[in-house]
Amino acid sequence: MILTQNRRILTFTAVHPCESVSITTLIDSLIKIAGEILSFKSKHFSTNKRSVKETLRHVLSLLIVFQEIRVGLIPAGRSFPRSAILSLSELHVIFQKLMFLLEDCTREGGKLYMLTNSDQISAHFRVLTRSISTCLDTFPVGSIDLPEEVNELIYLLIRQTRKYEARPDRDDKRALDSVYWIFNLFENRINPNRDEVVRVLDHVGVRKWSDCVKEIGFLGEEITVEGKDKNEIELLSSLIGFICYCRCVILGGVDEDEDKEEEDDLVIRGLNVDDLRCPISLEIMNDPVVLETGHTYDRSSIAKWFSAGNITCPKTGKNLVSTVLVGNVSVKQLIQSYFKQETDNKSKKKKKKKTSVPESLAAEEAGKLISDFLAGELINGGSKEMVKALVEIRILTKTSSFNRSRLVEAGVVESLMKLLRSGDPTIQENAMAVIFNLSKDNAGKVRIGGDGGGLGMIVEVLNEGARRESRQHAAAAIFYLSSLGDYSRSIGEIPDSIPGLLRIVNGCDYGDSAKRNALIAIRSLLIQHSDNRWRVLAAGAVSVLLDLVRSGEIGDGAKADSIAVLAKIAEYPDGMISVLRRGGLKLAVKVLGSSEVSPVTKQHCVLLLLNLCVNGGSDVVGALAKDPSVMGSLYTALSNGECGGGRKASALIKMIHEFQERKTETGLERERFVHAW
């Protein structure tokens, strides 16, 4: 199939065959493209079905002509006039454009958009079909010894294609009129007739929840294309509002395959990427294998280890009875999923445009209708309807601040809070995820913590949530909620809040993403309300964080967050003492001098050392000055001084220099005194 990468929809960038192309190559290519065009017969078209049918009939007739030339004339070695090759070359270009047009008409996610462009599509079919007539007019039928019935077929094609009039189907017009009528109802905040909506969806072939997701994705990409005028953007926005309404209100719940994808995403989101790295090469593994010790390595790296004469496990040092390597299938699948999601995320970041406010009145009012419907489902729906509504709300609140504010206005927060104590783990997890999303905006924060009881319920999920994911979402919500000073104090005063966050930080079954959510929540509690430092110290945070950094079992991001919390704790004298007593000074110097951590991590180390020196005085500065590696590490941090780290490194260097100068002056005075005596 001939494809052009990054081709915009309804643009046809065909490539003309080279002038020296042989008749055999040209006919073979035409036969191949004709076959590919005819393969579209089994696909669903959301518009211009009659034009498609006529086009495929014409292509089938041309295929008969090409096959007769290929089988009857070329093997006989008969010469072909130049005009015949030129005519066939032009047909090749037309076939390429037809391929592109048919691809666009059946593109996943573009069905509703193509319906709105039915007039333009008809025009394309008309132009391309008449172009076939023009090409055949110049084909020298009389100069080529084709069977009479084939010549008659060519003349018939010329007559049929010369005056061809492609028009949108009547059903297309009815469906499109319904779409614009529904837009009008949305603008007046009126729910459309369900049967009419279903007729439109059936016409374009949108029948499942996942079909709606694809439509929204495609329309979202189209709206970001440069050069769209205001009317086009409003139309695309209205279409998004319409299809979103269909997904939330009209169609059934999430498809089973979508459920599985969501589960896979959760596994990847909770994954520490460092777990996918080979302990020898420190690179993500290509072919993970496991030794008898249970540790996994990349096959090539462990093979080199054995080839060097080593018969031990590199990680444990244990002597191996056998060097048999067994493929680690589960880790390999995780690596494949990780790379797939990374690729998808990069693509989404390039194409995705999140808007706070819809670009049309129809989309805005459709959003309000959706919010009211989903809020009602949480109150009046059964268990199945409730889960479906929660999934939809979870998706909508992740999309934009407009959706979050509309849903808060619709009163979903009160229902969500009640669902946090649901005995159904799925309901609890989705409810907690939505609360996390709503906590990002001020209106959501106020409603969640307004009566005081909401914060306690979130902490309850943090400690007793049925699923790990629920507890992770609770930690993330606490971070956002703690940005309000009063909430930070209230959360800190709840006895299990900080211990619950530390359990996630210290939990071996939580990945780096979860640990980082908990760490930044703790840091936010410290920043927003100073009294929380007593509670953090009482919960044993210093020991937990220092042990975590020493363990080497976390990624650089979690390590940086851990040291940032320690630096905040060390701003206070009691915190400084706790960090020093547990070896924090020595550990910070070690991390600062490491070549395996990022500049950001080193900047947090500099801040930790600076706070220890400021509160610990000359004793701490003196201990730091005794380490010969410190100054070199600080000057490196000074030269890489992003994020204000250079100023902190400079201040610490100055403190050490001043200490050393005072020490030198004291020594000289002592010498003068002894000499005078």
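Since this is a predicted model, take the numbers as computed values, not measurements.
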Legend entry - Ser401 backbone acceptor or donor facing Ser405 side chain under 3.5 Å: yes
Legend entry - Basic-acidic side-chain contact under 4.0 Å: Lys388, Glu377: no
Inset, instruction - Name all pairs fulfilling the salt bridge (charged side-chain N to carboxylate O under 4.0 Å, His left out) condition that reach into residues 482-508, sequence neighbours left out, sorted by first residue then second. - result: Arg489-Glu493
Legend entry - side-chain contact (heavy atoms from CB on, under 4.5 Å) between Arg523 and Gln528, intermediate numbers included: CA-CA 9 Å; Arg523 188 166 181 239; Gln528 296 297 331; over 6 Å; no
Inset, instruction - In plain terms, say whether Asp172 and Arg167 are close enough for a salt bridge, that is, a side-chain N and a carboxylate O under 4.0 Å apart. - result: no
Legend entry - Atom CD of Glu108 with >12 non-hydrogen neighbours under 6.0 angstrom: no
Legend entry - Side chain Asp229, main chain Asn231, donor-acceptor under 3.5 Å: yes
Legend entry - N/O donor-acceptor pair under 3.5 Å between Lys559 side chain and Glu553 backbone: no
Legend entry - Ionic contact status for Glu414 with Arg447, cut-off 4.0 Å: yes
Legend entry - Smallest separation among heavy atoms of Cys244 and Ile370, with atom names: C-CD1, 3.8 Å
Inset, instruction - Give a yes or no on whether Lys173 atom NZ has more than 12 heavy-atom contacts from other residues, nucleotides or ligands under 6.0 Å away. - result: no
Legend entry - With Glu215 via side-chain contact (heavy atoms from CB on, under 4.5 Å) - residues at least two apart: Lys111, Leu112, Val206, Ile243
Inset, instruction - Run the numbers on Arg394 and Glu429 for salt bridge (charged side-chain N to carboxylate O under 4.0 Å, His left out), then give the verdict. - result: CA-CA 10 Å; Arg394 184 173 177 177; Glu429 181 200 337; 3.6 Å; yes
Inset, instruction - Find the distance between CZ (Phe373) and CG (Leu378) and round it off to the nearest 0.5 Å. - result: 10.0 Å
Legend entry - Val179 side chain reached by Leu239 side chain, heavy atoms, under 4.5 Å: yes
Inset, instruction - Check for a donor-acceptor pair, side chain of Asn48 on one end and backbone N or O of Ser118 on the other, with a separation under 3.5 Å. - result: yes
Legend entry - Short side-chain to backbone donor-acceptor contact, Gln428 and Leu420, under 3.5 Å: yes
Inset, instruction - Please name all residues satisfying side-chain contact (heavy atoms from CB on, under 4.5 Å) with Ser371, sequence neighbours left out, ordered by chain then number. - result: Arg406, Leu407, Ala410
Legend entry - Presence of salt bridge, Arg404 and Asp441, under 4.0 angstrom: yes
Legend entry - Under 3.5 Å donor-acceptor, Asn117 side chain and Tyr113 backbone: yes
Inset, instruction - Look at the rings of Phe242 and Phe183 and say which category their plane angle falls in: under 30° parallel, 30 to 60° tilted, over 60° perpendicular. - result: perpendicular
Inset, instruction - Take Leu525 and Leu501 through the test side-chain contact (heavy atoms from CB on, under 4.5 Å) and record every step on the way to the result. - result: CA-CA 11 Å; Leu525 290 170; Leu501 291 169; 3.9 Å; yes
Legend entry - CD1-NE2 distance between Ile491 and His529, expressed to the nearest 0.5 angstrom: 11.5 Å
Inset, instruction - For a side-chain contact (heavy atoms from CB on, under 4.5 Å) with Ile190, tell me which candidate from Leu185, Asn184, Leu369 qualifies. - result: Leu185
Legend entry - All ring pair (Phe, Tyr, Trp, His ring centres under 6.0 Å) counterparts of Tyr245, not counting sequence neighbours: Phe186
Legend entry - Gap between atom CD1 of Ile216 and atom SG of Cys246 - 0.5 Å precision: 9.0 Å
Inset, instruction - Assess Lys43 against Phe40: is NZ or CZ under 6.0 Å from the centre of the six-membered ring, and within 45 degrees of the ring's axis? - result: yes
Inset, instruction - Kindly compute the distance separating CG (Leu545) from CD1 (Ile522), expressed to the nearest 0.5 Å. - result: 6.5 Å
Inset, instruction - May I ask you to test the Val197-Arg194 pair for a side-chain heavy-atom distance under 4.5 Å? - result: no
Legend entry - Exam field: side chain Thr397 to backbone Leu438, donor-acceptor pair closer than 3.5 Å: no
Legend entry - Main-chain N/O of Gly382 paired to Glu385 side chain as donor or acceptor, under 3.5 Å: yes
Inset, instruction - Compare every heavy atom of Pro288 with every heavy atom of Ile335, then report the nearest pair and how far apart it is. - result: CD1-CG, 4.2 Å
Legend entry - Results of side-chain contact (heavy atoms from CB on, under 4.5 Å) for Thr426 - residues two or more places apart only: Val387, Asp424, Asn430, Arg467
Inset, instruction - Check side-chain contact (heavy atoms from CB on, under 4.5 Å) between Lys568 and all other residues, then give those that pass, not counting sequence neighbours. - result: Leu526, Ile527, Glu571
Inset, instruction - Flag the pair Cys105 / Leu101 as yes when at least one side-chain heavy-atom distance between them is below 4.5 Å, and no otherwise. - result: yes
Legend entry - Worked verdict on Arg421 versus Glu460 for side-chain contact (heavy atoms from CB on, under 4.5 Å): CA-CA 9 Å; Arg421 287 178 173 161; Glu460 190 178 304; 3.0 Å; yes
Inset, instruction - Evaluate the side-chain proximity of Arg107 to Met114: yes if any heavy-atom separation is below 4.5 Å, no if none is. - result: no
Legend entry - Non-hydrogen side-chain atoms of Lys208 and Leu251 separated by less than 4.5 Å: no
Inset, instruction - Taking Lys445 for its side chain and Leu481 for its backbone only, find out whether a donor-acceptor pair lies under 3.5 Å. - result: no
Inset, instruction - Would you give the length of the straight line joining atom CZ of Arg277 to atom OG1 of Thr296, rounded to the nearest 0.5 angstrom? - result: 15.5 Å
Inset, instruction - Identify the heavy atoms of Ile478 and Ala521 that sit nearest to each other, and give their distance. - result: CG2-CB, 4.1 Å
Legend entry - Minimal non-hydrogen separation, Ala363 against Ser237, with atom names: CB-O, 3.3 Å
Legend entry - Lys/Arg-Asp/Glu bridge criterion (N-O < 4.0 Å) met for Glu196, Arg199: no
Inset, instruction - Check whether any side-chain heavy atom of Leu419 lies under 4.5 Å from a side-chain heavy atom of Met386, and answer yes or no. - result: yes
Inset, instruction - Compare all side-chain heavy atoms of Ile448 with those of Ile458 and state whether any distance is below 4.5 angstrom. - result: yes
Legend entry - Ala514 versus Tyr510, closest heavy-atom pair with distance: CB-CD2, 3.8 Å
Inset, instruction - Step by step, work out the side-chain contact (heavy atoms from CB on, under 4.5 Å) result for Arg170 and Arg50. - result: CA-CA 10 Å; Arg170 290 181 180 177; Arg50 186 171 57 84; over 6 Å; no
Inset, instruction - Could you grab the distance from atom OG of Ser238 to atom CG of Leu361, nearest 0.5 Å is fine? - result: 8.5 Å
Legend entry - Minimal non-hydrogen separation, Ala475 against Ile504, with atom names: CB-CD1, 4.0 Å
Legend entry - Arg247 and Val213, any side-chain heavy atoms less than 4.5 Å apart: yes
Inset, instruction - Verify, without hydrogens or angle tests, whether Asn403 (side chain) and Leu396 (backbone) share a donor-acceptor contact under 3.5 angstrom. - result: yes
Inset, instruction - State, without any angle test, whether Ser482 and Ser488 hold a side-chain donor-acceptor pair at a distance under 3.5 Å. - result: no
